Novice: 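Have a look at this one before I ask anything.
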Amino acid sequence: MPEGHSVHRVALQLGADLAGRRVAASSPQGRFAAGASLLDGLVLVEAFAVGKHLLVGFAADAAPWAGVAPGARLSDDGPLAEARAGARWLRVHLGLYGAWDFHGRVSPIGREAFGVGSIGAPRLRRAVRIGEQEGELTDDGPRAGAAGPASAVVVGDFPPEPVGQVRLRLRGAETVADLRGPSRCEVIDLPAVRALLDAAGPDPRVDHWPDPEATFVARVRARRVAVGQLLMDQSVVSGIGNIYRAEMLFRARLSPFVPGTAVPVETLRALWRDWVGLLDLGIDTGVILVREDHDAAQQEAAIADRSIRFAVYGRAGEPCYRCGTPVALADMASRKLYWCPGCQTG
DNA sequence: TGGAAATGTCTAG
DNA sequence: TAGACCTTTCCAC
């Protein structure tokens, strides 16, 4: 999937273009017709991500949400909590290949020079017209080559005909968001939202854990399971997927096979801080990481043209750029694990 | 046209 | 740990 940064970007996109607006909700595919009817005609009041979970609130009256940061202080009591308790909450998990497509007005998110058309499964590539410029959608944005307008408008009929298996369509006056292929898509209540937060490992971008770094360190150190597996455990830390797992361990020069109990506290603190930085970068640019052996100009260029090359992920058999040892591939808990046996020895 | 693969999670055994 | 599930893309045939 779409690792944590993508889901945060979806939440920001929904917030930018649909929050505060009354939306028409439908299920062109039909498989979410009952759920969509619960949301149809309500105002989208807040959208936020917790790790790979997307949560979107809908209510009849948006007034109580004025000035509220999405997802902030969800455990608090008070007037807002009352409004939130009366809201309906859409919970979406993209799973392995879910994705959102945005049409119409698509505001720039983070450092993007133009709006993003598709966020989610990386294989979704659609030719779209962005403003007056032709662009091809890549992992998280249109392929560069053109500095687009500040706020992109996809040329064509609005709303566009749904293409493929659209589970849920949210349509505002100017923007349409299409969801396809999610592994979870349901309408839940506020207690269920809170339960989800309570069960999740810390997410650096969510204000819910008093000391997220200490929580992460403690949860890793509590288990003898391999650290490579613990980083992917969403109750240990939220949002890390297979790519971040592989790359973060490489950057830390840490073997994926070290048991959680045996990882030094300082190493874990460094891992957490790396994750905080990578998540910020990912949300800001849509790019998972830039190479550490590149200078700032090379990094900026790679972000701009999306020519990102991972250090180990997907590079089995190729030489490690740090030590030359062939990158290894193994199966860990039924997922592909990439690492460099030459320099990940910590 | 069929099959494999993909940034994930859940459940049954 | 194997299998199920949600959908699309790409490549071999």
Side-chain angles (χ1 to χ4, degrees), chain A residues 1-10 27-33 35 49-54 90-101 116-128 136-141 143 162-169 178-186 188 192 195-196 199-201 203 225-226 228-250 256 275 278-279 281-283 285-290 306 308-316 329-339:
Chain A
M1 140 170 180
E3 303 196 19
H5 69 302
S6 302
V7 186
H8 280 281
R9 287 174 63 82
V10 170
S27 179
Q29 172 201 55
R31 294 189 49 177
F32 190 57
V50 182
K52 300 172 190 172
H53 301 279
L54 174 72
L90 172 69
R91 175 205 173 189
V92 172
H93 196 297
L94 292 177
L96 199 51
Y97 41 72
W100 286 89
D101 287 310
V116 163
S118 174
I119 305 176
R123 292 164 305 289
L124 272 183
R125 293 182 183 226
R126 296 209 161 93
V128 293
E136 181 208 355
L137 292 180
T138 60
D139 292 16
D140 287 280
R143 186 174 295 288
V163 175
Q165 299 292 310
V166 176
R167 183 80 59 86
L168 171 65
R169 164 168 283 197
D178 281 344
L179 169 66
R180 55 198 351 118
S183 67
R184 295 292 289 267
C185 177
E186 57 188 339
I188 60 177
L196 199 146
D203 177 328
V225 176
Q229 206 170 319
L230 291 174
L231 285 187
M232 298 261 294
D233 184 331
Q234 302 299 303
S235 68
V236 170
V237 51
S238 280
I240 294 177
N242 207 7
I243 298 180
Y244 279 123
R245 177 261 297 267
E247 298 295 327
M248 286 173 58
L249 290 170
F250 175 80
W275 171 226
L278 288 174
L279 183 58
L281 175 77
I283 294 171
T285 66
V287 153
I288 287 186
L289 58 85
V290 288
R306 311 238 152 213
I308 301 302
R309 296 284 172 270
F310 299 123
V312 287
Y313 181 82
R315 295 193 56 232
L329 170 61
D331 194 280
M332 181 178 270
S334 301
R335 301 301 302 279
K336 285 186 174 179
L337 167 70
Y338 299 89
W339 84 104

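In this text, all values refer to a predicted model and were calculated from it rather than measured experimentally. Just so you know, these numbers use all the heavy atoms, side chains as well, and skip hydrogens, waters and symmetry mates. Letters A, B, ... are given to chains in the order of the sequence lines, protein chains preceding strands, and every chain is numbered from 1.
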Novice: Please report the C-alpha distance between Glu247(A) and Ile288(A) in whole Å, then the side-chain angles of each, then the deciding distance to 0.1 Å, and finally whether the side chain to side chain contact (heavy atoms under 4.5 Å, CB included) criterion is met.
Specialist: CA-CA 9 Å; Glu247(A) 298 295 327; Ile288(A) 287 186; 5.6 Å; no

Novice: Closest to the Gln234(A) side chain: dT7(C), dT9(B), dG8(B)?
Specialist: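 Nearest to the side-chain atoms of Gln234(A), counting from C-beta on, is dT9(B).
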
Novice: Starting from C1' on dT9(B), measure out to CZ on Arg91(A) and report it in whole angstrom.
Specialist: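 About 10 Å, once rounded to whole Å.
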
Novice: According to side-chain hydrogen bond (donor to acceptor under 3.5 Å, both in side chains), who are the partners of Tyr244(A), at least two apart in sequence or on a separate chain?
Specialist: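 Tyr244(A) satisfies side-chain hydrogen bond (donor to acceptor under 3.5 Å, both in side chains) with His5(A) once adjacent residues are dropped.
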
Novice: Measuring only the P atom in each nucleotide, how far is dC10(B) from dT8(C)? A whole number of Å is fine.
Specialist: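 The answer is 23 Å between these two P atoms.
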
Novice: For dG8(B), does either OP1 or OP2 sit under 4.0 Å from a side-chain N or O belonging to His93(A)?
Specialist: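 For dG8(B), neither OP1 nor OP2 has a side-chain N or O of His93(A) closer than 4.0 Å.
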
Novice: Taking atom P in both dC13(C) and dA5(B), compute the distance separating them and give it to the nearest angstrom.
Specialist: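 Result for the P pair: 14 Å, nearest Å.
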
Novice: Expressed as a whole number of angstroms, how long is the span from Leu94(A):CG to dC5(C):C1'?
Specialist: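 So the CG-C1' distance, Leu94(A) to dC5(C), works out to 15 Å.
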
Novice: Taking CG from Leu96(A) and P from dT9(C), how many angstroms apart are they, rounded to a whole number?
Specialist: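 Spelled out: CG on Leu96(A) to P on dT9(C) is 15 Å.
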
Novice: Can you find a side chain N or O atom of Lys336(A) that sits less than 4.0 Å from OP1 or OP2 on dA6(B)?
Specialist: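 Indeed, a polar side-chain atom of Lys336(A) lies that close.
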
Novice: Return the value, rounded to whole Å, for the distance between atom CD1 of Ile240(A) and atom P of dG8(B).
Specialist: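 Between P of dG8(B) and CD1 of Ile240(A): 11 Å.
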
Novice: Send over the distance from His5(A) NE2 to dG8(B) P, rounded to a whole Å.
Specialist: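 Rounded to whole Å, this separation is 11 Å.
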
Novice: Got a sec, which residues hit side-chain hydrogen bond (donor to acceptor under 3.5 Å, both in side chains) with Asp233(A), two or more places apart in sequence or on another chain?
Specialist: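 Testing Asp233(A) for side-chain hydrogen bond (donor to acceptor under 3.5 Å, both in side chains), a comparison that skips the adjacent residues, returns Arg223(A), Ser235(A).
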
Novice: Dump the intermediate steps for side chain to side chain contact (heavy atoms under 4.5 Å, CB included) on Leu94(A) and Leu54(A), then the final yes or no.
Specialist: CA-CA 9 Å; Leu94(A) 292 177; Leu54(A) 174 72; over 6 Å; no

Novice: Whole angstroms only, please: what is the CG-P distance between Leu54(A) and dG8(B)?
Specialist: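 Leu54(A) atom CG is separated from dG8(B) atom P by 16 Å.
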
Novice: With the side chain of Gln29(A) defined as its heavy atoms from C-beta on, choose the nearest nucleotide among dT7(C), dG8(B), dC10(B).
Specialist: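 Minimum distance to the Gln29(A) side chain belongs to dT7(C).
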
Novice: Would you say Arg335(A) reaches dA5(B)'s phosphate, i.e. side-chain N/O to OP1/OP2 under 4.0 Å?
Specialist: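 Answer is no, no contact under 4.0 Å.
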
Novice: Just to be sure I understand the rule, does Glu247(A) reach a base, reach only the sugar-phosphate, or reach nothing, if contact means heavy atoms closer than 4.0 Å?
Specialist: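 Result for Glu247(A) = nothing.
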
Novice: Verify the contact: side-chain N or O of Arg167(A) to OP1 or OP2 of dT7(C), cut-off strictly under 4.0 Å; return yes or no.
Specialist: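 The answer is yes; a side-chain N or O of Arg167(A) sits under 4.0 Å from OP1 or OP2.
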
Novice: Between Val7(A) and Val92(A), is any pair of side-chain heavy atoms under 4.5 Å apart?
Specialist: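 When only atoms from C-beta onward are counted, Val92(A) and Val7(A) do not touch, as no gap falls below 4.5 Å.
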
Novice: Whole angstrom is fine here: how far is it from CE in Met332(A) over to C1' in dT1(C)?
Specialist: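 Atom CE in Met332(A) sits about 15 Å away from atom C1' in dT1(C).
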
Novice: With rounding to whole Å, what would you report as the distance between dT9(B) and dT9(C) at their P atoms?
Specialist: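 After rounding to an integer number of Å, I get 23 Å for this pair.
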
Novice: Leu179(A) has an atom CG; how far is it from atom C1' of dT8(C), in whole Å?
Specialist: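 Taking CG of Leu179(A) and C1' of dT8(C), I get 14 Å after rounding.
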
